[in-house]
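Pasting a structure here, questions to come.
Indexing begins at 1, ligand by ligand and atom by atom, following the structure's order.
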Amino acid sequence: MLDHRSFTQYLSRTDIDALIQDIAGRINKDYEGKTVVLVGVLKGSFLFVADLIRHLTVDARVDFVKMSSLGKTKESPGTVVFQKDVSTDFRGKHVLIVEQIIDSGRALKFLYERLKATQAESVEVVTLLDKTDKRMVDTPVKYVGRKTKDQFLVGYGLDLEENSRNLGEIYYLKYPN
Ligand code: IMP
Ligand code: MG
């Protein structure tokens, strides 16, 4: 169970809604008359995808991927592989990769290259949160909800050892002392 005493609220439901409305407004303008496919990165993005897609007025489809890093250790980032790949025909469509948070960017880079190799008209990245200071591998990110410091966040899809994804708001861990 979540111990609220160790969490401090970072973004309220109102803050999250405002970020999503802003991103959706930009997408609706940029992709008017086009078909977009949101490719949500599991598991973290499932709530963000659900909320974002309801604010889109352009033709929107949805797909999901799940990746994992094989052989990841403290010394090595390991190799990124798909646990679930996309299953969409991207011809004539515009892909928007939807991330909840970008950290090192390694998994994102792998996915970006994979989707660039399809016949999609374009591939861009949307993220609710961006830990820019942690970036190891660069991929262009077109839509960023909020840049954030290197602090561990939970809630609204983000987990602490698989718990707390169900929280409606985003919290950061208060470190002892
Ligand atoms: P990257 O490949 O290093 O960019 O990994 C990003 C992934 O790490 C995200 O999709 C999350 O699953 C996880 N992650 C990164 N930062 C946090 C955090 O603050 N809280 C929870 N999960 C995080
Ligand atoms: Mg996690």
Exercise for review: Indicate, with yes or no, if Val141 and Val39 share a hydrophobic cluster defined by side-chain heavy-atom contacts under 4.5 Å among Ile, Leu, Val, Met, Phe, Trp and Tyr.
Suggested key: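 Val39 clusters together with Val141.
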Review point. Is there a nitrogen or oxygen of Phe152 sitting under 3.5 Å from a nitrogen or oxygen of ligand 1?
Key: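 The answer is no, given that Phe152 and ligand 1 share no N or O pair closer than 3.5 Å.
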Check your understanding: Does ligand 1 have any atom that is closer than 4.0 Å to a heavy atom of Ile101?
Key -> yes
Review point. What pair of heavy atoms forms the shortest contact from His55 to Ala24, and how long is it?
Key: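 Minimum heavy-atom contact is CB-CB, 3.4 Å.
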Check your understanding: Crowded around Glu32 CD? As in, over 12 foreign heavy atoms under 6.0 Å?
Key ->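 Incorrect, the count does not exceed 12.
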Check your understanding: Is the NZ atom of Lys149 crowded by more than 12 outside heavy atoms at less than 6.0 Å?
Key ->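 It does not: Lys149 NZ has 12 such atoms or fewer within range.
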**Study point:** Derivation and outcome, salt bridge (charged side-chain N to carboxylate O under 4.0 Å, His left out), residues Lys84 and Asp63
**Key:** CA-CA 10 Å; Lys84 184 214 171 299; Asp63 202 344; 3.5 Å; yes
Point to revise | Gly105 N/O to ligand 1 N/O under 3.5 Å | key: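 For ligand 1, there is an N or O atom that lies under 3.5 Å from one belonging to Gly105.
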Review point. Heavy atom of Val154 under 4.0 Å from ligand 1?
Key: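 No.
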Check your understanding: So which heavy atom in the protein is nearest atom 20 (N) of ligand 1, and how far is it from that ligand atom?
Key ->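 Answer for atom 20 (N) of ligand 1: Leu153 O, 2.6 Å.
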Practice item. Can you pull out the closest protein heavy atom to atom 8 (O) of ligand 1? Residue, atom name and distance to 0.1 Å, please. Key: Asp103 CB, 4.6 Å
Point to revise | Contacting atoms of ligand 1, where contact means under 4.0 angstrom from a heavy atom of Arg106 | key: 2 (O)
Point to revise | atom 16 (N) of ligand 1 - nearest protein heavy atom and its distance | key: Lys131 NZ, 3.1 Å
Practice item. Please state whether Gln100 comes within less than 4.0 angstrom of ligand 1, counting heavy atoms only. Key: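 Not so, Gln100 does not reach ligand 1.
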**Study point:** Protein N/O/S neighbour count - the Mg ion (ligand 2), strictly under 2.8 Å
**Key:**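 Considering protein N, O and S only, the Mg ion (ligand 2) has 1 within range.
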Exercise for review: Mind checking whether Glu99 contacts ligand 1 via backbone (N, CA, C, O), side chain (CB onward), both or neither, at a 4.0 Å heavy-atom cut-off?
Suggested key: side chain
Review point. Transitively linked via ILVMFWY side-chain contacts under 4.5 Å: Val41 with Val95?
Key: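 Same cluster.
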Study note, to complete from the structure: In terms of heavy-atom contacts, Ala60 and Leu56 come closest through CB-CD1, 4.0 Å
Check your understanding: Which residue and non-hydrogen atom of the protein lie closest to atom 1 (P) of ligand 1, and at what distance in Å?
Key ->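 For this ligand atom, the closest protein heavy atom is Ser104 OG, 3.4 Å.
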Point to revise | Heavy-atom closest pair, residues Tyr112 and Ile97 | key: CA-CD1, 3.9 Å
Review point. Looking only at heavy atoms, which two atoms of Arg106 and Val137 are closest? And how far apart?
Key: CG-CG2, 3.7 Å
Check your understanding: In this structure, which one of Leu160, Leu173, Ile101 forms a side-chain contact (heavy atoms from CB on, under 4.5 Å) with Leu153?
Key -> Ile101
Practice item. Please name the residue in the list Asn28, Val126, Val144, Val98 that meets the side-chain contact (heavy atoms from CB on, under 4.5 Å) test with Ile23. Key: Val126
Point to revise | Under 4.0 Å to a heavy atom of Asp159 - the qualifying atoms of ligand 1, by number | key: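 Once the distances to Asp159 are compared, the set is 21 (C).
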Practice item. Could you tell me how the ring of Tyr143 sits relative to the ring of Tyr31: parallel (under 30°), tilted (30 to 60°) or perpendicular (over 60°)? Key: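 Tilted.
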Review point. Based purely on interatomic distance, does Ala107 place a nitrogen or oxygen under 3.5 Å from a nitrogen or oxygen of ligand 1?
Key: yes
Check your understanding: Counting from 1, what ligand 1 atoms have a heavy atom of Leu158 closer than 4.0 Å?
Key ->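 Those atoms are 21 (C), 22 (N).
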**Study point:** Minimum heavy-atom distance Ser69-Pro77, with the two atoms named
**Key:** CB-O, 3.8 Å
Practice item. Starting at CG of Asp133, measure out to CG of Asp103 and round the result to the nearest 0.5 Å. Key: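 Asp133 CG to Asp103 CG: 10.5 Å, rounded to 0.5 Å.
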Exercise for review: Would you check whether Leu108 reaches within less than 4.0 Å of ligand 1, judged by its heavy atoms?
Suggested key: no
Review point. Do protein heavy atoms approach atom 22 (N) of ligand 1 to less than 4.0 Å?
Key: yes
Review point. Can you tell which part of Gln151 has a heavy atom less than 4.0 Å from ligand 1: side chain, backbone, both or neither?
Key: backbone
Exercise for review: Specify whether the nearest protein heavy atom to atom 12 (O) of ligand 1 is under 4.0 angstrom away.
Suggested key: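 Not a single protein heavy atom is under 4.0 Å away.
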Show every donor-acceptor pair shorter than 3.5 Å between a side-chain atom in residues 10-22 and any protein atom, with sequence neighbours excluded, or say none if there are none.
unit_1: Tyr10; atom_1: OH; unit_2: Thr148; atom_2: OG1; d: 3.1
unit_1: Ser12; atom_1: OG; unit_2: Thr14; atom_2: N; d: 3.3
unit_1: Ser12; atom_1: OG; unit_2: Asp15; atom_2: N; d: 3.1
unit_1: Ser12; atom_1: OG; unit_2: Asp15; atom_2: OD2; d: 3.2
unit_1: Arg13; atom_1: NE; unit_2: Asp17; atom_2: OD1; d: 3.2
unit_1: Arg13; atom_1: NH2; unit_2: Asp17; atom_2: OD1; d: 2.5
unit_1: Arg13; atom_1: NH2; unit_2: Asp51; atom_2: OD2; d: 3.1
unit_1: Asp15; atom_1: OD2; unit_2: Ser12; atom_2: N; d: 2.9

